[in-house]
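See below for the structure under consideration.
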Protein chains: 2
Amino acid sequence: MRELRDADTKTLILDAAEVAFADLGFDAASLRHIISLAGVNLAAIHYHFGSKEALLAAVFRRRIAPVSAERSARLKRLEEQTGDGPLAVEGVLQALIEPALRMAHDPELGGPAMVRLFGRTIVEPNETVQKLLGEEFGATFARFSTAFARALPGLPEPVLMWRIQFVIGAMAHLMCDPGKLKEASAGRCDPADTDLAAREMITFLSAGLRAPWDTGLGNRGGEVA
Amino acid sequence: MRELRDADTKTLILDAAEVAFADLGFDAASLRHIISLAGVNLAAIHYHFGSKEALLAAVFRRRIAPVSAERSARLKRLEEQTGDGPLAVEGVLQALIEPALRMAHDPELGGPAMVRLFGRTIVEPNETVQKLLGEEFGATFARFSTAFARALPGLPEPVLMWRIQFVIGAMAHLMCDPGKLKEASAGRCDPADTDLAAREMITFLSAGLRAPWDTGLGNRGGEVA
DNA sequence: GTCTATAGAACGATAGAC
DNA sequence: GTCTATCGTTCTATAGAC
């Protein structure tokens, strides 16, 4: 466990970069802004990380492993408890959402800034960032796609693909810009209440995922599970 | 109707900026990139628009008025047809989504690039861009918030606020990065098929909006409408 | 209105002393 | 490992000729 009181330069940079990338986006967050937040020298970034791009990768990798592990563990537990039947959609969503939102309450996991950065990364237009996202999230994405398919037997695969994109979009939007909800609701909705946020998301998204689908024959597909 | 064959400098710049801002984001799309797309001089941008920020505002304003008008008209028609009862959720979603996606097929309305830009703007971290979005979208947002409330009587307002954010997030993600769905589905889902996209979105989102809600007392709220 | 030329600032990255 | 100083580039914005 690293002591905060004498955090080394590398950690100071990672912490500052996390906040800067989350709030401003990759392009707009300059190395000079990051060093001023971290209270270190400009050259230190290149010494420890090599480049801006490598810094983002380091920030991301530091936090994503615990989240991915927790997601995977929850999914595995759900699968074991379920046996051979279809998975509960809510359970799969929980395994996807809660480990990400849990970061907000634990500075060890990154805190609220890391939640924002996770969301931001998904909608970041920069190609380098998207490549990094694919490398770091690809396995998790595939794992959950399969789980959703097993939770929604009968749902045609293309329809599921559309719906998974909606799930990701809704998650990303709330995670990367929680201020918007607070502002729109004049403070009555608090995105910092992550237990509530998870519940609201799971309620909404599970209903969406389970919606009857259009068979393309003018009729509707059956209810799922 | 403006002739494309001898479009004036101002229009050339607007067209190029639309594509550049949509694909790269506001910060990453440089004026030099835009003038090279447009085939005009760098000074021309400042002469016609004054600043990069003012250029984005001009790009945005040129296209948003027809969309907002169409959205409002559809909502009004729905309200007139409905009378005093609750609005159909699907109808409200249609009025919100279809006018935006319709841009893709009509170069007069901006084409596919403008759909991407609409989505991109929503998730753009730049403060200036968010201020512009608030000014241009605020009235529409308020109008549709009211319509959703009327379509979902009994749904507590804070819950509705959460759900509207999920709707916006799902829309924005699909609009600003249609390539992701195509890639994730290995080409089997085509986001360019906007009729299908609208149907999939409306099916998913209306089910989410209508989901039973948690009353906070351990029981569930009634079904809506 | 359209251009060339350039100002002035900020950027990522690096060399080299300590 | 840490720093200062600076390189070379790119950015938005502008001055001024035509």
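Naming: A, B, ... by sequence-line order, numbering from 1 per chain.
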- line: For residues 180-201 of chain A, the ring pair (Phe, Tyr, Trp, His ring centres under 6.0 Å) pairs (sequence neighbours left out) are none
query: Where each residue is assigned the nucleotide of DNA chain C containing its nearest heavy atom, which of B:V40 and A:A43 is assigned the position nearer the 5′ end?
result: B:V40
query: Among residues 22-30 of chain B, which residues get a heavy atom nearer than 4.0 Å to DNA chain C?
result: none
- request: Any side chain to side chain donor-acceptor pair (under 3.5 Å) involving residues 109-125 of chain B? Give me the pairs, sequence neighbours left out, ordered by first then second residue.
  value: B:D23-B:R116
- request: Among residues two or more places apart or on two chains, list those pairs meeting side chain to side chain donor-acceptor pair (under 3.5 Å) that have a residue in residues 93-103 of chain A.
  value: A:R74-A:E98
side-chain hydrogen bond (donor to acceptor under 3.5 Å, both in side chains) against A:E127, all qualifying residues, sequence neighbours excluded: none
task: Check the distance between D:dT4's P and A:H46's NE2 and give it to me in whole angstrom.
output: 16 Å
Could you pull out all residues at least two apart from [X] that satisfy salt bridge (charged side-chain N to carboxylate O under 4.0 Å, His left out)?
{"X": "A:R77", "answer": "none"}
{"X": "A:D106", "answer": "none"}
{"X": "A:E200", "answer": "none"}

Segment of DNA chain C, first to last nucleotide, that comes within the 4.0 Å heavy-atom reach of chain B: C:dG1 to C:dT4
task: Specify the residues of residues 32-39 of chain A, ordered by number, for which at least one heavy atom lies under 4.0 angstrom from an atom of DNA chain D.
output: none
- prompt: Residues in ring pair (Phe, Tyr, Trp, His ring centres under 6.0 Å) with A:F137, at least two apart?
  reply: A:F118
- request: May I ask you to test the B:T140-B:V67 pair for a side-chain heavy-atom distance under 4.5 Å?
  value: no
query: Within the structure shown, what part of the strands sits under 4.0 Å from B:L42 by heavy-atom distance: base, sugar-phosphate, or nothing?
result: base
Under 3.5 Å donor-acceptor pairs involving side-chain atoms of residues 47-55 of chain A, not counting sequence neighbours:
from: A:S51; atom 1: OG; to: A:A54; atom 2: N; distance (Å): 3.1
from: A:K52; atom 1: NZ; to: A:F26; atom 2: O; distance (Å): 2.9
from: A:K52; atom 1: NZ; to: A:D27; atom 2: O; distance (Å): 3.4
from: A:K52; atom 1: NZ; to: A:A29; atom 2: O; distance (Å): 3.0

